[in-house]
Amino acid sequence: MTEHPTSHEGRQPLAARPQERARPRQQEAPPGAAATAAIPGPSPVPNTAKGPVPNAVPNPVPGAVDAAGPAVDPQTLARREGDRLRFVGAATRRIARGIDLDEIVLGLCRASVPTFSDAILVYLRDPLPVGDERPATPFVLRLRRTDRLRLTDEENDGGPEGERLRLPVAGSQAGLLPAADLCEIRAGGALAEVLRGVRPVFGDSAAARVALPELLGAGRTVPTGHRAILAPLRGRRRVIGAAVFLRGPERPPFEANDLLVAAQLATHTALGIDKAVLYGREAYIADELQRTMLPDSLPQPTGVRLASRYLPAAETARVGGDWYDAIPLPGSRVALVVGDVMGHSMTSAAIMGQLRTTAQTLAGLDLPPQEVLHHLDEQAQRLGSDRMATCPYAVYDPVAHRITIANAGHPPPVLLHLGGRAEVLRVPPGAPIGVGGVDFEAVELDAPAGATLLLYTDGLVESRLRDVWTGIEILRERLATTAQLTGPDHSPPLEALCDDVLDMLGPGDRDDDIALLAARFDGIAPSDVAYWFLEPEDAAPGRARRLARRALSRWGLDDLSDEVELLVSEVVTNAVRYAERPVTLRLLRTDILRCEVGDDAPQLPRQRRARETDEGGRGLFLVNRLARRWGATRLSTGKVVWFEMATR
């Protein structure tokens, strides 16, 4: 627990300035340095011969007498009452400026010390209840912050005595009484009764004399000669803490109207803390919602490397409708998706989650890109008439070195070639998802090895300072410049490229959230692919074994021949049993060996436990035991059963 000194901004805190000695003023104290938490002991009495102490809130009670004894005239009382009101107004404004919990508590401390008190201790419930939820038991208060004013002789060289402030080094040599960090409120105890009463009480009242030692800790109490006010902090529904205001013996004692001031400070602080806790919970929910809506990590498909970035629109609007995804498809292909739902609110994030789930489901059916966008459009219309989004959907085939793209009202992708040329791809713009009744077109383009495809949302290229096409041109030039730094024969590192793209955003350039997906096309060389058609006949499994053995021998993988031949035979046998058209067999060699068997039967195979008397049913059991991974994917023309073997 740390303490922080308090001082006025460029003003003499303890001795009145010449032009102010006739009229004390209330001043707000700015932040200062930190020190150790403790309740201050008696402070040295400042030299008051030159004028009144300007940091004390005057006594406005009619008929009151000041410290010297003579009666205070009505004009002085009115002036003091005006000072008091100005202080309360300035203090509550300072507290209200805080957004998070620490700012609000700091605002209370800096507004109170030294103008209203010489020290303050702020206790808050631990944990703080959120909204209408029932607080956890037991009722525990934790010392959240303490500020204090203290005089030393070390800084009095540059001016009259008492004109400088300094927070002393905390410790036993300081002669100060530390407060306990934790306090458990006993049901029915004196402190519980004071907190239940809500109203601030003087420290020398009967209730506070028992409650304060309970709050400060066993054997601790307010130092002799000090005056205190104990003010409960009550939020919208319950007490959430307490504040202790302390004055040293050199200051005028607290009086009746000071309880009203303490009540105002406590009320504004408690309500601000309530709102800050609710805001913090909403921000946490927003962060969790956005995090769960986006991929935890990107897959690592064969023949392509991926990197992504996501930036929220602002710290106060951390949820939005932008998303990205990379979905592995049969045949070592991968679907690349970036979408942007209109707006950046919780509703936009919820719609984004539904559209992303729909896109994943449609990708699993291996539909063409234009069909995926058509079904997404239908889904958006079912969600509501005003649910609109833009989205490009691309499918990359590393064997054919081709990419098929369909677009729904989204900014066009940019392709960075190996030599450093950045190209804005010409794809049909299409209508946004949710418009309805619009056909989408797909184009097939070359995807050379070493090239990088960049999919992004409009928040990257559009702002109040520039239109979309100006931003796209800036992006294209930035990519070309970055690629030239690595030379014509090397592509820039993918992660560094994403960071460099985001660096193009200057102050005021980001008005919307940003999703960015970069795909580096490595491809699969033709020499690493073996592909055959097999007639659906009894001789097909034997022919498949011979073809697989020759391919493995050509690739120097003879040590895998026995296992691969066995698994290929089992999978092809199962395909031939139900197929009516030729069966496809494909072997892919990368850092692993992948085998794919396709047929026109839509039924997916399921592993089952064969009985001892069964003659079949053990093929997938062997695949599951011997292969590194295996799976089956339904296609629009049938299915593909695949398995992978480690090559090292």
Ile99, CD1: over 12 other non-hydrogen atoms inside 6.0 angstrom
no
side-chain contact (heavy atoms from CB on, under 4.5 Å) assessment of Leu416 paired with Leu454:
CA-CA 8 Å; Leu416 178 63; Leu454 206 68; over 6 Å; no
Quick one: does any side-chain atom of Arg387 pair with a main-chain N or O of Ala380 as donor and acceptor, under 3.5 Å?
no
Do other residues, nucleotides or ligands put more than 12 heavy atoms under 6.0 Å from Gln300 CD?
no
Taking the side chain from Asp274 and the backbone from Arg236, do they hold a donor-acceptor pair closer than 3.5 Å?
yes
Ignoring hydrogens and angles, tell me if any N or O in the side chain of Trp555 forms a donor-acceptor pair with the backbone of Ser527 under 3.5 Å.
yes
Return yes when atom CG of Asp559 has more than 12 non-hydrogen atoms of other residues, nucleotides or ligands closer than 6.0 Å, and no otherwise.
yes
Would a 4.5 Å heavy-atom cut-off, applied to side chains only, mark Pro411 and Ile472 as touching?
yes
Is it the case that more than 12 heavy atoms not belonging to Glu441 sit under 6.0 Å from its CD atom?
no
Flag the pair Val395 / Asp366 as yes when at least one side-chain heavy-atom distance between them is below 4.5 Å, and no otherwise.
no
Check: Met293 main-chain N/O paired with Arg356 side-chain donor or acceptor under 3.5 Å:
yes
Does Arg333 reach the main-chain N or O of Pro330 with its side chain, forming a donor-acceptor pair under 3.5 Å?
yes
In sequence, state the C-alpha distance, the side-chain angles, and the governing distance for Leu415 and Phe521, and then conclude on side-chain contact (heavy atoms from CB on, under 4.5 Å).
CA-CA 10 Å; Leu415 185 66; Phe521 300 143; 4.1 Å; yes
Donor-acceptor pair, side chain of His417 and main chain of Gly450, under 3.5 angstrom:
no
4.5 Å side-chain heavy-atom contact, Arg478 and Asp503
yes
Indicate the atoms forming the closest heavy-atom contact of Tyr324 with Arg309, along with that distance.
CE2-O, 4.2 Å
When you measure from the side chain of Asp600 to the backbone of Glu580, do you find a donor-acceptor pair of N or O atoms at a distance under 3.5 Å?
yes
Looking only at heavy atoms, the pair that brings Leu373 and Tyr393 closest together is CD2-CB, 4.1 Å
Do the side chains of Phe643 and Val568 get nearer than 4.5 Å, heavy atoms only?
yes
Could you give the distance from CE (Met504) to OG1 (Thr482), rounded to the nearest 0.5 Å?
10.5 Å
Donor-acceptor pair, Lys639 side chain versus Ala601 backbone, under 3.5 Å?
yes
So with a 6.0 Å cut-off around CZ of Arg581, is the heavy-atom count from everything else above 12?
no
Do Leu552 and Leu593 have side chains that approach each other closer than 4.5 Å (heavy atoms only, starting at C-beta)?
yes
Gln354 vs Thr357, side-chain contact (heavy atoms from CB on, under 4.5 Å): CA-CA, chis, key distance, verdict:
CA-CA 5 Å; Gln354 296 180 71; Thr357 302; 5.9 Å; no
Within 6.0 angstrom of Asp439 CG, more than 12 heavy atoms from elsewhere
no
Can you tell me how far apart OH (Tyr456) and SG (Cys498) are? Round to the nearest 0.5 Å.
14.0 Å
Residues, nucleotides or ligands: over 12 heavy atoms within 6.0 Å of Arg382 CZ
yes
Correct closest heavy-atom pair for Leu453 and Leu425 would be CD1-CD1, 3.7 Å
Test item: Ile592 and Arg629 side chains (from C-beta on) under 4.5 Å apart, heavy atoms:
no
Could you pull out the closest heavy-atom pair between Leu505 and Gly459, with the gap in Å?
CD2-O, 4.4 Å
For Leu306 versus Ala519, what's the shortest heavy-atom pair and its separation?
CD2-CB, 3.6 Å
Whether His401 side chain and Ile524 backbone form a donor-acceptor pair below 3.5 Å:
yes
Let me confirm one number: the OG1-CD distance from Thr633 to Glu596, rounded to the nearest 0.5 Å.
9.0 Å
Check whether any side-chain heavy atom of Tyr531 lies under 4.5 Å from a side-chain heavy atom of Leu585, and answer yes or no.
no
Of the options Asp513, Asp512, Asp322, which is the one that meets Thr457 in a side chain to side chain donor-acceptor pair (under 3.5 Å)?
Asp322
Rounded distance [0.5 Å steps], CG in Asp458 versus CG in Asp467
12.0 Å
Quick one: do Arg545 and Glu570 make a salt bridge, cutoff under 4.0 Å?
no
For a 4.5 angstrom cut-off between non-hydrogen side-chain atoms, does Leu588 reach Asp528?
no
If we ignore angles and hydrogens, is there a donor and acceptor under 3.5 Å between the side chains of Gln381 and Asp377?
yes
Straight-line distance of Leu567 CG to Leu620 CG, nearest 0.5 Å:
10.0 Å
Quick one: do the His374 and Glu378 side chains pair a donor with an acceptor below 3.5 Å?
yes
Closest heavy-atom pair and its distance - Ala326, Pro299
O-CG, 3.3 Å
Might you work through the side-chain contact (heavy atoms from CB on, under 4.5 Å) test for Thr358 and His375, ending with a clear yes or no?
CA-CA 8 Å; Thr358 302; His375 289 295; 5.6 Å; no
Counting N and O atoms only, with roles assigned by atom type, does the side chain of Thr647 sit under 3.5 Å from a partner on the main chain of Asp591, one being a donor and the other an acceptor?
yes
Reported OG1-to-CG distance for the pair Thr573 and Asp538, which is rounded to 0.5 angstrom
9.5 Å
